[in-house]
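As structure tokens, the structure follows; a few thoughts come after it.
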Protein chains: 2
Amino acid sequence: MTLHSSTELTSTTSVAKNTENHSTSRTLPEDLLIHLQQAIISGELPLGSKISEAELAKRYQVSRGPLREALVKLETLGLITRSANVGARVIQLKQEDVIYHFQIREALEGMAARLAAENIESQELQALYDLLDVHEQTVNDPEANQSMHQSGNFDFHLRIIKASKNPQLISMLTDKLYAMIRLFRHQISTHRTDPKQALQEHKMLLDAIANREGDLAELLMRRHISRAASLLVMTLKDTSVNSHPSLQADRQDSHQSIHSSNKHKKG
Amino acid sequence: MTLHSSTELTSTTSVAKNTENHSTSRTLPEDLLIHLQQAIISGELPLGSKISEAELAKRYQVSRGPLREALVKLETLGLITRSANVGARVIQLKQEDVIYHFQIREALEGMAARLAAENIESQELQALYDLLDVHEQTVNDPEANQSMHQSGNFDFHLRIIKASKNPQLISMLTDKLYAMIRLFRHQISTHRTDPKQALQEHKMLLDAIANREGDLAELLMRRHISRAASLLVMTLKDTSVNSHPSLQADRQDSHQSIHSSNKHKKG
DNA sequence: AAACATAAAATTGTCGACAACATGGTTTTA
DNA sequence: TAAAACCATGTTGTCGACAATTTTATGTTT
């Protein structure tokens with residue numbers, strides 16, 4: 001089949017230069033990285049689909065040079081795979097990958113919690129306690145929805161990571177691993193984590209940090225993440241990522257079904 | 001100053017295409033990545049020096065396109081920093097960086113040891129025990145030099161990492177972190193690690209893995225790495241990386257003093 | 001002489017075109 | 001008929017040139 005299907009695409013999202021549209025960064029590879037990351041996470045570029053450089057270049061109104069640099073970065077983020085003379089594909093999410101990912105996150109965020117206990121400053125501590133207060137209200141609010149819980153959860157973890165004061169660790173966790181986590185969240189709509197339990201765990205963790213108990217903080221963080229992981233894996237066993245129809249992309253063509261982010265609702 | 005100083009450079013290392021020289025990979029960015037990595041580690045590109053795209057392109061007989069892709073990868077490896085419209089610099093090694101790095105490595109390799117205890121296969125286990133036997137002979141051999149101990153050490157850690165069977169963890173540790181470690185080793189010539197002690201620690205660790213005691217394996221690995229780290233930091237306090245003359249590159253020009261790998265001996 | 005504005009040079013960012021390779025289909029051959 | 005060789009097409013890899021930006025040099029003013 002020919003691929004003049006560019007009419008199907010979101011009418012040329014146009015990251016291009018001085019046209020002063022919604023693009024925020026300064027260099028094309030940076031912009032492209034953000035947009036492509038979002039496209040993959042939202043499912044606009046389906047998992048497993050082929051990535052055509054020419055097609056993407058036309059779509060974003062850029063040449064293939066900057067696009068390729070963005071693809072290199074995407075590869076190091078683990079969101080796509082590339083092989084010489086063949087091209088790039090969006091990764092496929094297998095169940096093991098989720099497990100592998102959380103094992104790494106457990107080790108890294110555990111260390112972050114330990115370091116946070118050593119290095120956190122009083123104002124950061126205060127901000128975290130404030131955040132937990134807000135979180136507590138959200139938990140008791142029947143109006144609150146899932147995404148509100150999640151963003152608070154996210155923020156809490158992020159602040160602890162930053163409190164570790166280890167720049168390389170922070171970069172690893174925020175730039176790299178969390179891109180993958182966001183991918184999980186968007187692809188796997190059903191996550192049955194209990195907000196109240198999460199809050200409870202967060203409280204104990206924060207107390208440990210406040211008391212400068214690094215060992216305990218690391219232990220609690222690891223348990224917290226490990227628990228979330230097994231919950232997620234259990235969900236996957238039911239939903240079965242590999243057989244989930246909307247997560248399977250035919251291995252041949254790419255021309256994506258656009259704006260399919262709000263699909264696969266919980267039947 | 002003009003930069004016709006290309007005569008000073010190692011006469012055009014020539015990664016270029018079909019000329020069938022010592023290059024092994026298939027695509028230019030891959031080759032370039034390997035060569036540049038080596039150049040940084042050996043000190044051919046001094047720490048903190050500016051990286052000129054034009055100069056490097058001429059030197060390796062490639063155009064700037066593939067070179068830039070390699071630079072993007074080098075940036076994600078943490079070996080260079082890049083800022084828009086200004087260019088790339090080789091990183092500067094500050095004492096904190098070493099600490100930050102080892103904190104991450106402790107977390108990650110600790111997890112690797114734990115997973116290895118769960119997932120290692122009998123043949124891998126046997127190979128590791130064989131390796132320790134060789135190592136033991138090396139330790140008792142007065143002829144053996146530092147680099148022999150190191151390569152064995154290196155191999156041991158690598159095998160355990162691979163035995164974890166977590167591909168992402170393996171990639172992170174081998175591709176990314178170990179590039180940095182090799183940089184440390186080459187830049188900081190004086191490392192007073194005791195081979196006998198290291199061997200002893202390795203034995204205990206391997207026994208823990210063999211006995212499938214994940215908790216213990218992780219603990220021992222973390223202690224092992226932590227000890228190496230503080231030893232290295234102590235060395236740094238004496239040698240003082242920041243004020244070490246041959247490690248300081250003037251912030252202006254780059255034209256490197258070539259083949260300066262065997263400098264900065266312990267006066 | 002110091003500080004500012006301006007011009008020139010050098011470097012990075014981006015583009016379009018060509019070369020090398022892989023893929024799918026067709027023809028040839030056993 | 002099936003397998004192998006071949007060809008056509010599309011895609012990725014690489015290059016050289018131009019545009020945009022930063023840096024250096026120059027000159028003017030106080």
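Letters A, B, ... are given to chains in the order of the sequence lines, protein chains preceding strands, and every chain is numbered from 1.
Among C:dT14, D:dT14, D:dT22, the nucleotide with an atom closest to any side-chain atom of B:N85 is D:dT22. Nearest to the side chain of A:S63, among D:dC15, D:dT12, C:dT14, sits C:dT14. With D:dT23, D:dT12, D:dT14 as the choices, the nucleotide that has an atom nearest any side-chain atom of B:V86 turns out to be D:dT23. Among the nucleotides C:dA17, C:dC15, D:dC15, the one closest to the side chain of A:R64 is C:dA17.
Regarding B:R89, its CZ atom lies at a distance of 13 Å from the C1' atom of D:dT23, rounded to whole Å. Rounded to an integer number of Å, the gap from CD of A:E30 to P of C:dT14 is 9 Å. Per the geometry, CG belonging to A:L67 stands 12 Å off C1' belonging to D:dT12, to the nearest Å. In this structure, the CZ atom of A:R82 is 17 Å from the P atom of D:dT11, given to the nearest Å. Between the P atom of C:dT14 and the CD atom of A:Q61 lies a distance of 15 Å, rounded to the nearest Å. A:E55 has its CD atom 14 Å from the P atom of D:dG10, to the nearest Å. We find that CD of A:E53 is positioned 17 Å from P of C:dA17, with the value rounded to whole Å. Across the protein-nucleic acid pair, B:K58 atom NZ and C:dT11 atom P stand 10 Å apart, rounded to whole Å.
Nearest heavy atoms, B:A39 versus B:S42: O-OG, 3.2 Å.
Atom-to-atom distance recorded for A:F102:CZ and B:Q168:CD is 11.0 Å, nearest 0.5 angstrom. Atom CG of residue A:L173 and atom CZ of residue A:R105 lie 7.5 Å apart, to the nearest 0.5 angstrom.
OP1 or OP2 of C:dA22 sits under 4.0 Å from a side-chain N or O of B:R26. Contact between the side-chain N/O atoms of A:S83 and the OP1/OP2 oxygens of D:dT12 is not found at any separation under 4.0 Å. Contact annotation: A:K50 reaches the phosphate of D:dT12 (side-chain N/O to OP1 or OP2, under 4.0 Å).
A salt bridge is defined here as a Lys NZ or Arg NE, NH1 or NH2 lying under 4.0 Å from an Asp or Glu carboxylate O, and A:E121 with A:K165 meets this definition.
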Which pairs of donor and acceptor atoms, one on a side chain in residues 70-84 of chain B, lie under 3.5 Å apart (sequence neighbours left out)?
unit_1	atom_1	unit_2	atom_2	d
B:E75	OE1	B:R82	NE	3.4
B:T76	OG1	B:K73	O	2.7

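Using a 4.0 Å heavy-atom cutoff across all strands shown, A:G87 reaches sugar-phosphate atoms only and no base atom.
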